[in-house]
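To start, the structure itself, in structure tokens.
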Amino acid sequence: DTAVSQTPKYLVTQMGNDKSIKCEQNLGHDTMYWYKQDSKKFLKIMFSYNNKELIINETVPNRFSPKSPDKAHLNLHINSLELGDSAVYFCASSLKGLGRWNTGELFFGEGSRLTVL
Amino acid sequence: SQQGEEDPQALSIQEGENATMNCSYKTSINNLQWYRQNSGRGLVHLILIRSNEREKHSGRLRVTLDTSKKSSSLLITASRAADTASYFCATDDRGSTLGRLYFGRGTQLTVWP
């Protein structure tokens with residue numbers, strides 16, 4: 001029973017292509033996130049959605065477009081892929097948003113390794 | 001930015017030894033969390049310590065927090081080969097109403113049998 005599942009696990013594609021990564025959580029959480037981990041393991045937040053509403057857009061190029069059809073799903077579509085987009089993309093969820101008075105742990109998926117050639 | 005920084009970047013020890021990793025951050029926080037990442041896997045939450053707490057234990061893990069120095073440490077006692085992983089600290093930002101967790105680059109711990 002995978003809590004946060006994302007597909008595909010590996011994605012190899014050419015520059016200029018468009019690709020999508022899907023994420024689903026079965027934890028009943030309100031908030032979902034996309035994080036990007038670079039080759040040096042630096043993990044940076046990209047987007048946060050709370051109950052289908054975009055909360056955080058961390059100055060990510062508009063080639064990246066998240067979509068949340070319902071609070072259990074958060075997909076990431078990337079247009080016109082560039083070499084620098086190669087990274088591992090992690091989906092995560094939390095019970096509530098991490099606002100000022102909320103504290104909570106993140107539950108991560110296993111990651112989607114994107115390689116742009 | 002609030003980004004945490006772990007120190008050392010890499011740590012190599014023998015089974016049975018203790019492993020200590022440190023984390024420093026920049027702004028005031030509500031809480032600090034530690035996560036573990038096995039190679040090729042997602043991050044797994046280990047422990048959360050609130051800003052009004054100084055020390056917390058969970059099994060073989062001991063976390064300390066010094067808000068005056070804006071630093072935290074994670075101690076793993078009696079380490080095992082299975083503890084080999086990257087360890088990340090993550091902080092929020094007390095001054096922000098939005099929810100963000102800031103991660104560092106992690107400490108790569110290798111425990112030799």
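All chains are named by letter (A, B, ...) in the order of the sequence lines, taking the proteins before the strands, and each is independently numbered beginning at 1.
Interface residue A:Phe90: only side-chain heavy atoms are found under 4.5 Å from chain B. Using a 4.5 Å cut-off between heavy atoms, A:Gln37 contacts chain B through its side chain alone, with no backbone atom that close. For a residue to count as touching a neighbouring chain, one of its non-hydrogen atoms must lie under 4.5 Å from one of that chain's; by this rule A:Lys44 does not touch chain B. With a 4.5 angstrom heavy-atom cutoff, B:Gln108 touches chain A only via side-chain atoms.
A:Glu105 CD to B:Ile47 CD1: the interatomic distance, rounded to the nearest 0.5 Å, is 11.5 Å. Atom-to-atom distance recorded for A:Phe108:CZ and B:Arg41:CZ is 14.0 Å, nearest 0.5 angstrom.
Hydrophobic cluster membership is shared by A:Val116 and A:Ile21, with clusters built from Ile, Leu, Val, Met, Phe, Trp and Tyr side chains linked at under 4.5 angstrom. Under the 4.5 Å side-chain contact rule for hydrophobic residues, A:Tyr89 and A:Met15 share a cluster.
Within 6.0 Å of atom CZ in B:Arg105, more than 12 heavy atoms from other residues, nucleotides or ligands are found, so the atom counts as buried in its surroundings. Annotation for B:Arg80: atom CZ does not count as buried by contact number, only 12 or fewer foreign heavy atoms lying within 6.0 Å. At most 12 non-hydrogen atoms from other residues, nucleotides or ligands lie less than 6.0 angstrom from NZ of A:Lys52. For NZ of A:Lys71, the number of neighbouring non-hydrogen atoms (other residues, nucleotides, ligands) closer than 6.0 Å is greater than 12. Within a 6.0 Å sphere centred on CD of A:Glu53, other residues, nucleotides and ligands contribute 12 heavy atoms or fewer.
Looking at A:Lys41 and B:Phe88, their side chains come closer than 4.5 Å, going by heavy atoms from C-beta outward. A:Tyr35 has its side chain within reach of B:Leu101: a pair of non-hydrogen atoms, C-beta onward, lies under 4.5 Å apart.
Of the possible polar contacts, one joining the B:Tyr35 side chain to the A:Leu106 backbone as a donor-acceptor pair under 3.5 Å is found.
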